[in-house]
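Start at 1 and go down the list; that is how both ligands and their atoms are numbered.
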Amino acid sequence: MLVLTGMLLTACRLPESPVGKVEVELQNPIIPGFSPDPSVVAVGEDYYLVNSTFHYFPGVPIYHSRDLQNWKQIGNVLDRPSQLPLEQANASLGIYAPTIRYHDGTFYMITTNVSGGGNFMVTATDPAGPWSEPVWLEQQGIDPSLYFEDGICYMVSNPDNTITLCEIDPVTGATLSQGRPLWSGTGDRFPEGPHIYKKDGWYYLLISEGGTELAHKLTIARSRSIYGPYEPHPENPILTHCSLRAQNSNIQGTGHGDFFEAADGTWWVVFLAYRRYDGDFHHLGRETFLAPVTWKGGWPVINDGEPVAERMTVRMEKIPEKPQPDSLFYDFSTIGPEWMHIQHPIAENYSAGGGVLTLTGNGDGFDWGGWHPTALLRRQQAPECRFGTKVRLQGDGEAGLAIYQTHNGHIEFLVRREKGRSSAMVRIRLHNILHEQAVALLSQPEARLDVRAYGDHYAFELNGQPFASLGTKLLSTEMAGGFTGVTVGPYCRSGKADFTGFDWVE
Ligand code: 6LW
């Protein structure tokens, strides 16, 4: 019987990779807003995905999905200061690209804290946490990844712009073999984001090149031995929008990807890209996209070689639920995993109860040197959305809503009380410019603050009336820098302020 099956398989020549049963319109990005450097692992029919977070705390959000289209955040991998030293970190430092893997009942997340100790990994049996304390690793370079085979744990990263492989002890982190250079890519700058996969007797080394801007791309090489020599794909890059065919797409910077095989045997890639407007500006950050992968002649083909789009027809096992825009009212009785702080929060400056969030300022704002602003920030996950709150200062001070990209680019819609005089203001910081866009006197140090976000501008409403507007371009990555994307939420710079709820409508 066994022999017969074997003969049949050879005779019928199975397709190199199966495709899903039904045609589906996939909506990209699968995780919108600031969600760079995605890595994914499939465990049976469950998929888990992580992103980088730079100077934010908690760090490395973890999402779960069963249909590849809808992803729910189930926690943050780094949710204790002991796992995440962030002193001096900013929107270009802190936590870089993470990799998530599963082996023998244990989840591993490996990443680089570029301003706080270098490469490390943490482990968990439940991906929702708790995750272990960090195990620090010796091999340098960013974007570490793991590959397990025959009881050996391999680590790859990119010291000196060369993808380098060593064996490590997955418990102690000790290096067990000298780093061996594998590949430096096709010659573009920044060979990084390496991952190793094995399929049909080939080891595949997937990397990114070109840098995370317009020239970003995925390239691949393969070898019969994990140590090489690696033969580059003659048709590299396997994904780029820096091409004649994709140069007019609003989706650019496609790169930094991770392959996975779904439960039904189909292959996919998650990768980052940004959505630009008005030339080449983007403010929501690098986002997480998904595309199908098929295999031809022993090489992967992403999305049939077509550019990726916000709506793509793909084949899946079953039709996923259509993603719904979020409409939320936060009463702050619990603080969900989507809320973040810049560096570590000072716990005593936050309290909540009876539907009111009370924030106490410590003098730190969002400029350089304001390392621990009292602020709760969540990703702006849709170019068009609305958010608002009612704020009341308990005495002199400054509090309101922040729209934050980096220390060099942020907007505050605030209420201020100084020597008994109350006012409202929209203020923007852009590098060395600090500009007050609109100011109004208030009879009390309280106001309803609403922001309507449009693709190209924010419109500010004070107590339900139009008050000011500012272009989103001013907070774009191109203007404000950093590796992040816009986050928004309540903050208090000085004094004490009560916030009655926070609306979020997409
Ligand atoms: C990340 C690197 C990259 O570690 O940018 O786009 C760096 N790719 O792989 C920061 O996100």
Residues passing the salt bridge (Lys or Arg N to Asp or Glu O under 4.0 Å) test with Arg427, sequence neighbours excluded, are Glu398, Glu412

Expected rows: ligand 1 N/O, protein N/O, dist below 3.5 Å:
residue	atom	partner	partner atom	Å
ligand 1	4 (O)	Ala97	N	3.3
ligand 1	4 (O)	Asp143	OD1	2.6
ligand 1	5 (O)	Arg286	NH1	3.4
ligand 1	6 (O)	Thr212	OG1	2.7
ligand 1	6 (O)	His216	NE2	3.4
ligand 1	6 (O)	Arg286	NH1	3.2
ligand 1	8 (N)	Asp37	OD1	3.4
ligand 1	8 (N)	Glu192	OE2	3.3
ligand 1	9 (O)	Asp143	OD1	3.4
ligand 1	9 (O)	Asp143	OD2	2.4
ligand 1	9 (O)	His256	ND1	2.9
ligand 1	11 (O)	Asp37	OD1	3.4
ligand 1	11 (O)	Asp37	OD2	2.5
ligand 1	11 (O)	Arg286	NH1	3.2
ligand 1	11 (O)	Arg286	NH2	2.8

*asked:* Whether Arg286 engages the ring of Tyr274 as a cation-pi pair (distance to the six-membered ring centre under 6.0 angstrom, angle to the ring normal within 45°) should be assessed.
replied: no

Original post:
Do Tyr147 and His195 meet the criterion of a side-chain donor-acceptor pair at a distance under 3.5 Å?
Top reply: no

For residues 87-99, the side-chain hydrogen bond (donor to acceptor under 3.5 Å, both in side chains) pairs (sequence neighbours left out) are none

In short, Asn250 meets Glu310 closest at the heavy-atom pair ND2-OE2, 2.7 Å

Here the side-chain hydrogen bond (donor to acceptor under 3.5 Å, both in side chains) pairs for residues 54-65, sequence neighbours left out, are Asp46-His64, His55-Tyr404, Tyr56-Thr487, Ser65-Asp67

